[in-house]
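Written below as structure tokens is the structure these notes are about.
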Protein chains: 2
Amino acid sequence: MTNKKTIDFSNIKVSCEDCSLNELCLPRGLDTQDLGRLEEIVKRSRPLRTGEYIFRAGDKLTNLFAVRSGTVKLVLIDENGDDQIIGFYFPGEIIGLDAIDSERHLVSAIAIETSTYCGFPFNKVNEICRLIPELQNQLFKLMSRQLTAENELLLTIGKKNAEEKLSTFLLSISSRFQAMGYSSREFNLSMSRQETANYLGLTIETVSRIMSRFQREGLISINRKQVRIINMDTLRNLSTGCLSTEKKTG
Amino acid sequence: MTNKKTIDFSNIKVSCEDCSLNELCLPRGLDTQDLGRLEEIVKRSRPLRTGEYIFRAGDKLTNLFAVRSGTVKLVLIDENGDDQIIGFYFPGEIIGLDAIDSERHLVSAIAIETSTYCGFPFNKVNEICRLIPELQNQLFKLMSRQLTAENELLLTIGKKNAEEKLSTFLLSISSRFQAMGYSSREFNLSMSRQETANYLGLTIETVSRIMSRFQREGLISINRKQVRIINMDTLRNLSTGCLSTEKKTG
DNA sequence: CGCGTCGTTGAAGCCGCTCAATAGATGTGG
DNA sequence: CCACATCTATTGAGCGGCTTCAACGACGCG
């Protein structure tokens, strides 16, 4: 409803060199000269509101994108209308890589809070890759890392029970916030219960119930989207299924 | 027990040009000259028996591998000892790509029947990529395709019920056999019930029960690992959850 | 033939889902 | 500022699909 079909990049020149995310983002590991080449092709978006698309499944691949602020979800929709959130993306993270094979996006990228992003025209990235081997390596690594992340998610969804899924999820968010330089113990979940449930292969009721249980047992303090992790160690044990909720520490 | 720690490549020169798989495998799209460059670095393995490793989680990434014959499973094992099969790989398919980021394998590759493979030293692949842009593209596409495959699996494991999972699985195997030039209606499952169940996030009992039900209802004929698909359309409907088993066609 | 492995089938139980009601948060207009 | 509507989150009760536990059958190999 609030979505727009077309994304108009502002023509503001982006300076990757001055960007606080450059050590997390695509330019990671590039020297000043190579950074300059990359900067020339980057376009920055206007702010998106919740629910707006960066790209839709079926769109032709024209850009790779880096989340610049906010949070973006990738959603896969099958012929039946079932949708599965396959990942949440935070600032500095790259999306669009899975479209390289078919040159068409098979998933949709949707902002789940006010967000901005940078776009890198894909054909130019391809050219620059030949000039900058380091960038080629960086892209390989990014895709490889994404594969690894999906492997983890597969293990979580396929083998863990609801309690293990939720604790794994909270710890994953926590460590990603830490990587961005924020607190690993206190943060705002940008995704709704519905989105969390979808991502983990659960229902919102189950997510809600287990969050409440974690709170009753003193593992976390949670109010709506505001989370504080109180007992990180027990949460870690729960996430691996080594410890049942009953016999928690303390 | 039958596993060997070290893999000794035979020094037999491999000719990708004459290989029947070259249109499915890494060389896809390469011209004769480029093919020659790739051939120079390829080593072919001796036959592996069921249970033997191509690489183990934790091993340093030295080669990318192409399955040449047989079937290989990729297995992810977490700290808790839970393991999840994240894919089955048939002749022409490439494994090892997920290790590019950390330069260490995070999953293990295990033959599930007598299998052979080809190895491509990774550092040389990297070099050659700079000489042959087409190979670089090919690698990007392979990784991208792998991401897409994992997305599908996520949707299957996360959102489908047992019946939908099994029919999706059978159809996936069927179409991959077809892509290799074999029959899409009659084939041998190389994986055990245990492996199928693990892959789909089910138990062997459930897999067995639903296979039997499909047979009772005339969708397939199955005897141990020998499968014949009788009613492909209904199976297709089942896989998308559009049709319950009861109200099947006919 | 005996043994071990793999697959099938049955019965009972539990985890997470469905359905439903309530509470809290957010937004709008008067 | 409050009344009202809407949306999200929480909590409870009951049910069902898949798992667990268990026994049996089929096949291969010594």
Side-chain angles (χ1 to χ4, degrees), chain A residues 1-2 49-51 73 82 84-85 112-114 156-170 188-217 220-227 238 241 244-246, chain B residues 1-2 49-51 73 82 84-85 112-114 156-170 188-217 220-227 238 241 244-246:
Chain A
M1 30 192 72
T2 59
R49 276 171 311 212
T50 303
K73 65 177 172 184
D82 282 348
Q84 168 76 43
I85 296 176
I112 64 172
E113 62 178 333
T114 303
T156 299
I157 290 185
K159 289 285 173 296
K160 294 177 193 270
N161 63 24
E163 185 176 88
E164 291 161 357
K165 286 178 180 178
L166 250 301
S167 45
T168 301
F169 175 73
L170 288 172
N188 258 319
L189 294 176
S190 43
M191 59 292 295
S192 68
R193 292 288 185 275
Q194 179 61 61
E195 286 161 335
T196 305
N198 181 301
Y199 176 67
L200 294 172
L202 297 169
T203 58
I204 56 171
E205 294 95 330
T206 301
V207 169
S208 190
R209 267 186 261 272
I210 296 200
M211 292 285 205
S212 299
R213 197 164 87 209
F214 283 173
Q215 178 157 246
R216 271 201 308 279
E217 287 163 349
I220 63 172
S221 155
I222 184 166
N223 187 290
R224 296 264 151 170
K225 304 199 162 174
Q226 186 64 36
V227 176
L238 277 183
S244 85
T245 318
E246 288 75 25
Chain B
M1 28 191 74
T2 60
R49 278 172 309 214
T50 303
K73 66 177 173 184
D82 281 348
Q84 167 77 43
I85 296 176
I112 65 173
E113 62 178 333
T114 303
T156 299
I157 291 185
K159 289 286 173 298
K160 293 177 192 266
N161 64 21
E163 185 177 87
E164 292 162 356
K165 285 179 181 178
L166 250 301
S167 45
T168 302
F169 176 72
L170 288 172
N188 258 318
L189 294 175
S190 43
M191 57 292 294
S192 67
R193 292 289 187 276
Q194 179 61 63
E195 286 160 336
T196 304
N198 180 300
Y199 176 67
L200 294 172
L202 298 168
T203 59
I204 56 171
E205 294 95 330
T206 301
V207 170
S208 190
R209 268 186 260 271
I210 295 199
M211 291 285 203
S212 300
R213 198 165 85 208
F214 283 174
Q215 177 157 243
R216 272 202 307 280
E217 289 164 347
I220 63 171
S221 155
I222 184 165
N223 187 290
R224 296 261 151 172
K225 303 198 162 175
Q226 186 64 37
V227 175
L238 277 182
S244 83
T245 317
E246 288 75 26

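Here is the naming used below: chain letters follow the sequence lines, and residue numbers restart at 1 for every chain. As a basis for the values below, the full set of heavy atoms in this structure was taken, side chains included, without hydrogen atoms, waters or symmetry mates.
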Spacing between Ile112(B) atom CD1 and dC6(C) atom P, to the nearest angstrom: 13 Å

Any side-chain heavy-atom pair from Ile220(B) and Met211(B) closer than 4.5 angstrom? yes

What's the CD-C1' distance between Gln226(B) and dC6(C), to the nearest Å? 17 Å

Taking only residues two or more places apart in sequence, or in another chain, which ones meet Ser167(B) in a side chain to side chain contact (heavy atoms under 4.5 Å, CB included)? Phe214(B), Leu235(B), Leu238(B), Ser239(B)

Quick one: label Lys225(B) by what it contacts on the DNA or RNA (base, sugar-phosphate, nothing), any heavy atom closer than 4.0 Å. sugar-phosphate

Between Met211(B) (CE) and dC6(C) (P), how many Å, whole number? 16 Å

For Ser190(A), all residues meeting side-chain hydrogen bond (donor to acceptor under 3.5 Å, both in side chains), sequence neighbours excluded: Thr71(A)

Looking only at side-chain N and O atoms, does Ser208(A) come under 4.0 Å of OP1 or OP2 in dT11(D)? no

At 10 degrees resolution, what angle do the end axes of the helix from dC1(C)-dG30(D) to dG30(C)-dC1(D) form when each is taken over five base pairs? 30°

Strictly under 4.0 angstrom, non-hydrogen atoms only: write out the protein contact profile of nucleotides 16-30 of chain D, one letter per nucleotide from the 5' end, B, S or -. --SBBB---BB----

Roughly, in whole Å, what's the span from CG in Leu166(B) to P in dT8(C)? 11 Å

Can you name the residues that form a side-chain hydrogen bond (donor to acceptor under 3.5 Å, both in side chains) with Gln215(A), not counting sequence neighbours? none

Could you check how far CG of Asn188(A) sits from P of dA9(D), rounded to whole Å? 13 Å

The criterion is side chain to side chain contact (heavy atoms under 4.5 Å, CB included); which residues satisfy it with Thr206(A), sequence neighbours excluded? Ala162(A), Leu202(A), Thr203(A), Ile210(A)

Pair listing, salt bridge (Lys or Arg N to Asp or Glu O under 4.0 Å) test, anchored in residues 188-202 of chain B, at least two apart: Lys73(B)-Glu195(B)

Nearest whole Å is fine: how far is dC7(D) C1' from Gln194(A) CD? 12 Å

How close or far is atom P of dT10(D) from atom CG of Leu189(A), stated in whole angstroms? 11 Å

Residues two or more places apart in sequence or in another chain: which of them pass side-chain hydrogen bond (donor to acceptor under 3.5 Å, both in side chains) with Gln194(B)? none

What pairs with Thr114(B) under side chain to side chain contact (heavy atoms under 4.5 Å, CB included), at least two apart in sequence or on another chain? Pro47(B)

Tell me: CD1 of Ile222(A) to C1' of dT8(D), nearest whole Å? 13 Å

Distance (rounded to the nearest 0.5 Å) between Arg213(B) CZ and Arg209(B) CZ: 10.5 Å

